[in-house]
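For ligands, and for the atoms within them, numbers begin at 1 and follow the listed sequence. Quick caveat: nothing in here was measured; it's all calculated off a predicted structure.
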Amino acid sequence: MSNRILAAVMPSPRQPIEIREFDRPDLPPGAALLRTARSEVCGTDVHLWHGRLSGVPYPIIPGHVSAGTLDAVRGRIVGLDGSQLQEGDRVVFFDVHRTCGRCRACTVHRTPTRCVARRVYGITDPASEGLFGGWSRAIYLEPGVGIARLPDNVSFDDYIGGGCGLLTAVHVLERASLRPGESVLVQGTGAVGLSTIALARLGGASTIVAIGAPATRLDLARTMGADHVLDLNGSTVQERLDAVRALTYGEGADVVVEAAGSARAIEEGLSLARDGGRYVVAGHYTDAGQSHINAHHQINRKHLEVRGCWGSEPGHFLRALALLERYASRVPWRAIGERTYALNRLNEALQDAERMRITKALVDPWAEA
Ligand SMILES: [Zn+2]
Ligand SMILES: [Zn+2]
């Protein structure tokens with residue numbers, strides 16, 4: 001790799017993505033340089049582009065989940081999976097870094113995803129500090145970043161097809177406390193919703209229902225393991241409620257997962273859970289506005305448990321890898337990554353993602369456009 005490294009930079013919200021050259025970084029002991037093979041354009045990148053996340057230090061190099069080959073390693077680096085890492089290894093890394101282990105969130109409450117110091121590659125790392133994003137031919141892995149070998153039978157496209165949505169879904173299933181034989185309803189058929197369906201199926205769910213759009217994503221939801229899909233377009237809230245109750249002994253689903261990111265989904269979803277059921281909110285990564293709910297009817301009298309789900313931890317990352325190693329030949333995560341874009345086509349990729357023309361855009365920073 002040359003000493004000048006091409007990367008795609010998001011200068012500020014609503015501005016076109018620009019290609020810029022960066023210096024190849026000097027590596028301190030414990031650091032590595034990753035030659036990027038794949039990154040992704042996820043819903044968060046669209047939110048970043050719209051300026052809807054707070055505390056983002058633009059300009060940034062987006063792309064928070066990525067995979068590649070170690071180009072250079074300085075000193076001894078042991079991966080999160082316990083292996084010693086070497087140049088030439090195919091690896092992936094956990095995008096959250098600098099979690100402090102000292103703040104109240106880390107120590108008292110044991111909720112490290114709410115750590116005050118944590119930073120995330122591609123989201124809260126500024127381009128002024130270097131190659132901290134995957135829309136780049138190389139990524140600087142600073143000392144302390146959690147790296148893991150990609151299992152031999154998992155391709156870069158498998159890993160990025162699952163991507164951040166799969167990590168989130170691992171956390172969602174944990175928050176949902178899914179018990180074997182329970183019914184699961186998933187609101188939203190984007191990357192998080194699709195992986196949630198797959199993991200609910202693997203996790204022993206009985207009936208799985210998905211509500212989403214467009215039709216191509218509903219087909220994919222079926223392939224990922226949904227028994228029934230309800231098209232958000234062309235159906236009313238009442239029709240969907242009737243349909244879900246008809247599939248769940250007239251009660252509503254044991255577990256409902258919101259992976260839609262819409263304030264209306266919350267209003268509807270609370271009523272789709274059974275009395276005493278669980279409702280996991282996983283789609284509101286940005287402020288989608290106010291939801292109008294009736295706490296008496298929809299939460300208190302229902303004896304409903306409502307749980308948020310923010311970010312992920314290294315354990316979710318490693319378990320996502322274990323799931324890919326075991327199930328990528330059966331579960332078509334790869335199909336979620338619908339089209340691959342070169343660095344200079346990322347404005348198009350963002351527009352395609354924004355308009356839901358594709359399920360997920362992948363980034364190949366070495367592709368010639
Ligand atoms: Zn993401
Ligand atoms: Zn902390």
Side-chain angles (χ1 to χ4, degrees), residues 8 10 17 36 38-56 60-67 92-125 132-136 139 144-146 156-172 188-196 259-261 282-286 288 309-317 320-321 324 333 336-338 340-341 346 349-350 352-354 356 358-363:
M10 186 180 284
I17 303 302
T36 316
R38 287 287 185 280
S39 189
E40 65 175 0
V41 180
C42 77
T44 300
D45 298 307
V46 177
H47 295 320
L48 287 166
W49 196 42
H50 291 169
R52 287 177 54 204
L53 262 73
S54 56
V56 177
I60 57 169
I61 303 172
H64 68 111
V65 171
S66 314
V92 291
F93 65 97
F94 185 51
D95 57 347
V96 179
H97 61 131
R98 301 195 191 182
T99 301
C100 76
R102 291 185 301 276
C103 70
R104 282 176 58 79
C106 284
T107 59
V108 178
H109 307 311
R110 294 186 182 269
T111 52
T113 68
R114 299 300 303 139
C115 171
V116 293
R118 87 199 258 280
R119 290 194 1 184
V120 187
Y121 274 77
I123 299 176
T124 56
D125 287 316
F132 283 96
W135 296 7
S136 167
I139 305 169
V145 169
F156 291 129
D157 283 329
D158 291 331
Y159 178 75
I160 295 294
C164 59
L166 173 56
L167 265 72
T168 303
V170 172
H171 197 181
V172 163
T189 46
V192 174
L194 290 167
S195 274
T196 299
H284 279 237
Y285 263 72
T286 57
C309 182
W310 185 255
S312 44
E313 298 173 44
H316 303 122
F317 166 69
L321 280 178
L324 283 164
W333 276 293
I336 298 175
E338 198 172 336
T340 304
Y341 297 74
L346 291 173
L350 282 167
D352 288 345
E354 178 186 42
M356 291 175 72
I358 51 169
T359 311
K360 191 203 284 189
L362 305 192
V363 181

### Query
Closer than 2.8 Å to the Zn ion (ligand 2), which protein N, O or S atoms?
Cys100 SG, Cys103 SG, Cys106 SG, Cys115 SG
### Task
Would you check if there is a donor-acceptor pair between the side chains of Asp125 and His97 at a distance under 3.5 Å?
yes
### Contacts of type side chain to side chain donor-acceptor pair (under 3.5 Å), residue Thr124, not counting sequence neighbours
none
### Query
Among Leu166, Thr168, Val170, Leu321, which one satisfies side chain to side chain contact (heavy atoms under 4.5 Å, CB included) with His316?
Val170
### Task
Could you tell me how the ring of Tyr159 sits relative to the ring of Phe317: parallel (under 30°), tilted (30 to 60°) or perpendicular (over 60°)?
perpendicular
### Task
Can you run down the side-chain hydrogen bond (donor to acceptor under 3.5 Å, both in side chains) pairs that involve residues 98-115, sequence neighbours left out, and say none if there aren't any?
Arg98-Glu142
### Task
Output all residues satisfying side chain to side chain donor-acceptor pair (under 3.5 Å) with Ser66, sequence neighbours left out; order by chain, then residue number.
Ser39
